[in-house]
There are 2 protein chains.
Amino acid sequence: MKPQIDLELLLSYGANCKKYAKGEILFYEGDEALYYYQIVEGSVKMYNSNDEGKEYTQGYFSEGQSFGEPPMFIDECYPASAMAFQDTEILKLHKDRFWKILDENPKIERHFLKLMARRIHNKATTSKDIINQKPEFRIQAFLDSCKKSREKELIEFTRQEIANFTGLRVETVIRTLLKMKQKKIVDIVNHKIFY
Amino acid sequence: MKPQIDLELLLSYGANCKKYAKGEILFYEGDEALYYYQIVEGSVKMYNSNDEGKEYTQGYFSEGQSFGEPPMFIDECYPASAMAFQDTEILKLHKDRFWKILDENPKIERHFLKLMARRIHNKATTSKDIINQKPEFRIQAFLDSCKKSREKELIEFTRQEIANFTGLRVETVIRTLLKMKQKKIVDIVNHKIFY
DNA sequence: CGGTTCCTTGAGGATGATCAACGAGGGTGG
DNA sequence: CCACCCTCGTTGATCATCCTCAAGGAACCG
């Protein structure tokens with residue numbers, strides 16, 4: 001995927017490249033947002049964990065994407081934590097230098113304005129779907145958001161991950177997927193989900 | 001409240017002032033987003049209504065605030081409908097002219113970048129709360145978002161409106177408020193809610 | 001005073017959460 | 001190659017909660 005900002009440019013403004021092993025935490029909910037993060041390789045999960053165990057996944061970010069900018073833009077703390085979802089390589093730039101990039105590159109600033117707009121648009125669509133209650137509907141909305149192409153494709157998430165994203169429980173996800181299989185909405189072959 | 005963009009400036013770029021009676025629709029979910037809207041006086045509700053009756057309120061906007069920009073920024077359709085929540089006066093500017101304002105006023109563009117960031121930050125916080133399930137928690141999160149000051153104040157929303165915002169049913173809101181009254185979280189005097 | 005809108009209460013039912021096991025596959029080290 | 005462990009998937013039974021439906025009451029406004 002085309003990166004938000006050209007890697008050379010980021011490096012020329014002083015960005016550092018860092019590697020994180022799968023499962024490593026990049027920052028915690030409540031931390032001050034001091035850096036711009038852009039993924040060179042791998043993927044990252046943003047999530048909240050509530051008082052005990054239950055986790056809510058806000059979103060996944062992959063190669064070329066940036067994340068965690070909103071609180072950095074407005075000097076707030078992170079509303080969620082970030083964890084490497086795979087082994088991941090990330091460019092990290094201090095926010096003062098990031099603002100310098102925007103000051104000196106109006107096109108990039110415009111790009112981020114549109115990016116933020118797109119994120120809001122997605123969130124609005126998502127919350128509409130989540131409120132809808134019905135597990136089947138929520139799961140299908142998640143599956144839609146996974147899909148890139150038009151053909152049936154393998155869904156690369158565990159049932160637990162789907163549960164965390166949709167706010168349901170694993171057992172409910174499993175039982176609902178069963179129903180969706182019977183309705184021919186998904187295929188399940190060898191425990192693998194195709195949609 | 002301080003307006004997003006100075007009214008004189010908007011008018012000088014060709015904005016039109018329009019009045020809407022309470023309950024009037026400004027645009028529907030699915031409409032193309034062709035205009036920038038800024039409230040001069042009154043307030044506006046953004047909402048989704050699903051196949052039959054049930055409504056989900058995405059948010060309220062009041063004097064000085066703009067709304068519906070995200071889809072305009074990215075040439076998408078509105079993910080929700082907008083209705084005048086009170087009698088309302090609005091400045092409306094075609095998106096081509098709006099882009100012209102941003103092109104010619106870097107400070108305003110920066111302002112909108114931060115505004116979009118703030119909206120995302122709020123949405124992230126809200127969805128974290130909504131997923132939490134517990135009606136009491138959801139309602140309290142809504143009440144928190146209403147409050148401006150530190151003292152107990154009258155909540156100017158009907159129980160139905162709270163229900164639509166939190167994704168609960170009226171009866172559940174009523175019964176939960178009852179419990180919250182017993183726990184001294186809210187006061188209810190003469191059917192009016194104080195928090 | 002009549003109508004509308006909003007609030008309230010009760011009973012009953014559906015549904016997703018919870019709890020408790022167990023199964024299946026994959027990887028690792030002996 | 002086998003035994004073990006760990007993660008992920010699966011199933012059934014039970015429970016709590018919120019929704020649904022139905023009815024009526026209270027407040028407000030012309």
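Letters A, B, ... are given to chains in the order of the sequence lines, protein chains preceding strands, and every chain is numbered from 1. Hydrogens, waters and symmetry mates are skipped; everything else that's a heavy atom, side chains included, is used.
- Whole-Å rounding puts the A:Ile174 CD1 to C:dC22 P distance at 17 Å.
- Here B:Glu161 does not pair with B:Lys45 in a salt bridge; the nearest charged N to carboxylate O distance is not below 4.0 Å.
- A 6.0 Å sphere centred on CD of A:Glu41 holds no more than 12 heavy atoms belonging to other residues, nucleotides or ligands.
- Using cut-offs of 30° and 60° on the angle between ring planes, the pair B:Phe73 and B:Phe98 is tilted.
- Across the protein-nucleic acid pair, B:Ile188 atom CD1 and C:dC7 atom P stand 10 Å apart, rounded to whole Å.
- Ring orientation note: the planes of B:Phe165 and B:Phe142 are tilted relative to one another, at an angle of 30° to 60°.
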Stepwise side-chain contact (heavy atoms from CB on, under 4.5 Å) check, B:Glu24 with B:Lys19: CA-CA 10 Å; B:Glu24 220 175 315; B:Lys19 286 175 203 278; over 6 Å; no
Show me the protein contacts with nucleotides 27-30 of chain D, counting only N or O atoms at under 3.5 Å.
none

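- Rounded to a whole Å, the CD1 atom of B:Ile193 is 13 Å from the C1' atom of C:dT8.
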Per-pair distances, 0.1 Å, donor-acceptor, side chain in residues 6-15 of chain B, under 3.5 Å, sequence neighbours excluded:
{"from": "B:Asp6", "atom 1": "OD2", "to": "B:Glu8", "atom 2": "N", "distance (Å)": "3.2"}
{"from": "B:Asp6", "atom 1": "OD2", "to": "B:Leu9", "atom 2": "N", "distance (Å)": "3.3"}
{"from": "B:Ser12", "atom 1": "OG", "to": "B:Leu9", "atom 2": "O", "distance (Å)": "2.7"}
{"from": "B:Tyr13", "atom 1": "OH", "to": "B:Glu104", "atom 2": "OE1", "distance (Å)": "2.4"}

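- For the pair A:Ile162 CD1 and C:dG16 P, the computed distance is 16 Å after rounding to whole Å.
- Residue A:Arg159 has a polar side-chain atom (N or O) positioned under 4.0 Å from OP1 or OP2 of D:dG9.
- Spacing between atom CG of B:Asn164 and atom P of C:dC7 amounts to 12 Å, rounded to whole angstrom units.
- Taking the six-membered ring where tryptophan is involved, the planes of A:Phe157 and A:Tyr60 are tilted, since the angle between them lies from 30° to 60°.
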Name the pairs: protein N/O against N/O of nucleotides 18-23 of chain D, kept only if under 3.5 Å.
{"from": "D:dC19", "atom 1": "OP2", "to": "B:Thr172", "atom 2": "OG1", "distance (Å)": "2.2"}
{"from": "D:dT20", "atom 1": "OP2", "to": "B:Arg169", "atom 2": "NE", "distance (Å)": "3.3"}
{"from": "D:dT20", "atom 1": "OP2", "to": "B:Arg169", "atom 2": "NH1", "distance (Å)": "2.2"}
{"from": "D:dT20", "atom 1": "O4", "to": "B:Arg175", "atom 2": "NH2", "distance (Å)": "3.1"}
{"from": "D:dC21", "atom 1": "N4", "to": "B:Glu171", "atom 2": "OE2", "distance (Å)": "3.0"}

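- When the nearest nucleotides of DNA chain C are assigned to B:Glu161 and B:Leu178 by heavy-atom distance, the more 5′-ward of the two goes with B:Glu161.
- The aromatic rings of A:Phe67 and A:Tyr37 sit parallel to each other, their planes meeting at less than 30°, with 60° as the upper class boundary.
- D:dG9 atom C1' lies 17 Å from atom CD of A:Glu156, rounded to whole Å.
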Side chain to side chain donor-acceptor pair (under 3.5 Å) between A:Gln140 and A:Asp144, worked out: CA-CA 6 Å; A:Gln140 194 161 2; A:Asp144 282 329; 5.0 Å; no
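- Note: NZ (A:Lys22) to C1' (D:dC6) measures 13 Å, nearest angstrom.
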